[in-house]
Amino acid sequence: MKLNAAQQEAVDTLAGPLLVLAGAGTGKTRVVTHRIARLIQSGIRPNRILAVTFTNKAADEMLHRASAMLKKRRRERPEISTFHSLCVRILRRGISHLGYPAQFAICDRGDQESIARAALREIKAPNSALRPGELLYRISRWKTVCVSPTQAAATAATDKEHLASAAFRRYQAALRAAGAVDFDDLLLLTDELFRRFPDVHQDEADRFDHLLVDEYQDTNAVQYRIVKALAGGHRNLCVVGDDDQSIYGWRGAEVRHILRFKRDWPEAKIVRLETNYRSTREILDWANRLIAFNHLRHDKALHAAARGEPPRVLQLQTETDEAEAVVADIAARIATEKRRPRDFAILCRTNEQPRAFEAELRRAEVPYVLLGGMSFFDRKEVRDVLAYLKLLANPRDEVSLLRVVNTPPRGLGPALVRRLLEAAVREGKPLWELLPVADRHVALTPAARTGIGRLRELLGSLAHRARTEPPARLARELIAEVGYYDELVRQYPNPEEQQARWASVEEVVNAIGAYERRAKKPLLAGFLRDVALSGTDEDRQKESKLKRDAVVLMTLHAAKGLEFPEVYMVGMEEGLLPHHRAAGEGGAGIEEERRLCYVGVTRAQRRLTLSLALTRLKWGKPRPTHPSRFLYELAGQADNPAYAVAMRGGEPKATKSRRPGKTSRGKRGRETG
DNA sequence: GACTCGAGTCCCGCC
DNA sequence: GACTCGAGTC
């Protein structure tokens with residue numbers, strides 16, 4: 001298929017700043033890949049092109065498509081990576097300027113939580129005053145706008161902010177002490193490196209002549225600065241995005257970067273892609289109507305060619321009924337309309353919603369894949385094993401040490417560990433260095449003394465080998481020496497659970513094996529960094545399992561960038577979409593939820609079904625729900641009195657009449673247009 | 001120090 | 001309903 005005029009223009013504008021405003025389904029990916037190919041055809045060397053995306057999924061996809069277009073085998077390739085991998089590459093060379101070890105570790109979400117918890121304990125914050133999750137959220141917000149702990153403390157107004165800023169200081173100190181960085185630091189430190197060391201900056205900026213940024217509406221303040229720093233010289237910057245699909249405000253993304261592109265790059269050309277090749281006109285009508293309720297946006301509307309049937313709304317009694325109805329619907333279509341399971345996606349707002357659908361899909365024997373959610377790396381046993389491995393790579397990693405120091409039990413209970421930690425703080429030494437002389441600081445029981453001795457001996461000898469030997473064998477030895485299998489048996493009486501958990505442990509070893517086969521010089525540290533950034537091959541294969549013939553179950557956030565012939569958006573209720581937490585953030589929060597809804601609707605190619613349950617289990621009890629305000633906006637029923645009720649979050653509860661499409665209360669619900 | 005039990009809370013989305 | 005936390009017991 002030929003490119004349309006707007007797409008062609010975006011592909012052909014090779015020099016200077018370019019903003020491609022690409023609505024949903026307008027062929028953005030095609031434009032990006034054609035553009036990369038065109039640059040190379042025009043004589044630009046591939047390795048002078050840098051393309052940055054936000055997710056591994058997007059990077060993999062772009063790389064795949066670009067190499068398919070460049071049929072001739074070439075030695076050189078464009079660099080296509082996520083912001084985070086790009087920063088890791090830059091930091092690996094320059095981070096020592098900032099006082100971090102060149103072999104810095106990257107903390108994942110679990111590590112962050114442990115550090116946050118420890119920081120809160122250190123400042124003796126009452127437990128209820130500030131939870132680790134909220135602290136991390138605040139820290140991340142500060143970091144994305146480059147606020148230091150000192151600045152945070154200076155501007156803190158409420159008690160909570162004071163607590164949080166104090167904990168932020170500890171948190172950052174703990175990271176630094178362990179020679180580790182979190183995800184926000186990757187970006188922040190790169191920015192700092194560029195600012196403080198102009199030669200490092202220049203060196204990096206000189207590597208490329210063309211920079212392409214995908215999903216530009218999702219850039220946060222730091223990413224924005226990195227982009228500017230990299231493209232400021234050659235000014236060949238192409239950014240692609242859609243302000244209506246900005247759904248990452250909660251992690252610092254600022255729509256205004258895309259809205260103000262022309263101000264930053266005055267000579268910029270703007271190309272709008274508004275012809276939608278994905279969805280039917282009926283689906284787009286709903287999408288356009290919905291998004292028009294937002295104020296902060298480039299005014300635009302998508303045009304479609306194809307005709308289809310109007311979207312449907314299914315209303316069920318409970319969330320179990322909802323799952324049953326949706327799965328029955330899918331199963332029927334597969335059976336009678338010759339659809340493939342892979343044609344269907346079920347999109348949810350939260351990670352908890354898929355449970356009911358999983359159970360139902362299994363029962364109906366419909367193949368499915370669950371994307372996102374509880375990752376392999378969130379499992380306790382996986383975290384334990386990884387903590388041991390991290391400790392091998394970096395004995396200063398206190399988070400990991402604390403995690404495994406008494407797993408399996410070695411007579412080092414919480415009280416003893418606390419005293420050891422206090423001693424370490426007094427001495428200004430990492431805990432690891434204190435262990436050999438622990439006796440001098442605290443009274444150890446004989447069991448604790450042997451425990452410490454064995455742990456040190458084991459880790460000490462393996463850590464030495466970890467610097468030169470391939471890691472899979474080391475990991476196997478470590479797990480055996482620690483007696484982790486026995487520990488699983490001890491902890492979980494149920495043999496099935498033991499086996500399941502042991503399988504996860506073996507999975508970690510397999511992942512290391514896969515890494516060994518892939519890496520040029522496989523070392524433990526390299527494996528750990530890979531894992532922190534992008535998960536294992538298993539994880540990535542799960543992405544490619546999108547191609548497997550299975551119904552896809554995932555969150556709306558995870559669905560961005562994908563498309564499916566048939567989409568089911570479930571849980572269309574006030575409190576869920578829009579989420580009740582968003583309502584507290586004022587108008588901007590609701591507008592982001594509306595964009596999220598828009599993203600969901602525009603994933604559908606041929607058929608869209610929205611569903612809701614009249615009651616939903618919350619905190620163990622079924623509670624009445626109210627239809628999402630977005631249903632009324634989508635269906636053009638904003639004059640419905642029930643809409644005003646929805647806008648107030650469903651109050652008063654007594655108003656149970658007039659739901660969109662006025663359905664009967666039949667268990668199977670009823671289709672409406 | 002390890003385990004059990006009851007009270008209290010309610011972590012949205014992710015690289 | 002699921003989970004964490006703290007108090008109480010062996």
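Reckoned from all heavy atoms, side chains included, excluding hydrogens, waters and symmetry mates. Here is how names work: the chains are called A, B, and so on, in the same order as the sequence lines, proteins then strands, and each is numbered from 1.
- Checking dG1(C), dC15(B), dC12(B) against every side-chain atom of H579(A), the shortest atom distance belongs to dC12(B).
- Within the structure, every side-chain polar atom (N or O) of T55(A) is placed at least 4.0 Å from both OP1 and OP2 of dC14(B).
- Here F83(A) does not pack flat against the base of dC15(B), since the 5.5 angstrom centre distance and 30 degree tilt limits are not both met.
- For T555(A), the listed nucleotide lying nearest its side chain is dC14(B); candidates were dC14(B), dC10(B), dC15(B).
- Legend: residues meeting side chain to side chain contact (heavy atoms under 4.5 Å, CB included) with V404(A), ordered by chain and number and at least two apart, are A387(A), Y388(A), L391(A).
- At a threshold of 4.0 angstrom between heavy atoms, the contacts of N406(A) are confined to the sugar-phosphate backbone, with no base atom among them.
- T82(A) pairs by the side chain to side chain contact (heavy atoms under 4.5 Å, CB included) definition with T53(A), N56(A), A59(A), H84(A), S85(A), not counting sequence neighbours.
- Among the nucleotides dC10(B), dG13(B), dC15(B), the one closest to any side-chain atom of F183(A) is dC15(B).
- In this structure, R581(A) reaches the dC12(B) phosphate: one of its side-chain N or O atoms is under 4.0 Å from OP1 or OP2.
- In summary, R403(A) and D111(A) do not engage in a salt bridge, as defined by a charged side-chain N under 4.0 Å from a carboxylate O.
- Of all nucleotides listed (dC11(B), dG13(B), dT9(B)), dT9(B) comes nearest to the side chain of R131(A).
- In this view, E563(A) and R278(A), Q605(A) satisfy the side chain to side chain contact (heavy atoms under 4.5 Å, CB included) rule, not counting sequence neighbours.
- No hydrogens or angles were tested; on distance alone, a donor-acceptor pair under 3.5 Å links the side chain of W250(A) to the base of dG13(B).
- Residues that satisfy the side-chain hydrogen bond (donor to acceptor under 3.5 Å, both in side chains) test with E254(A), not counting sequence neighbours, are R256(A).
- At dC11(B), none of the side-chain N or O atoms of N351(A) fall inside 4.0 Å of OP1 or OP2 (strictly under the cut-off).
- Applying the side chain to side chain contact (heavy atoms under 4.5 Å, CB included) rule to A519(A) yields the partners Y515(A), P522(A); only residues at least two apart in sequence or on another chain are considered.
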Give me the distances for all protein-to-nucleotides 8-10 of chain C N/O pairs that come in under 3.5 Å?
none

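- Nearest to the side chain of H84(A), among dC10(B), dC14(B), dC15(B), sits dC15(B).
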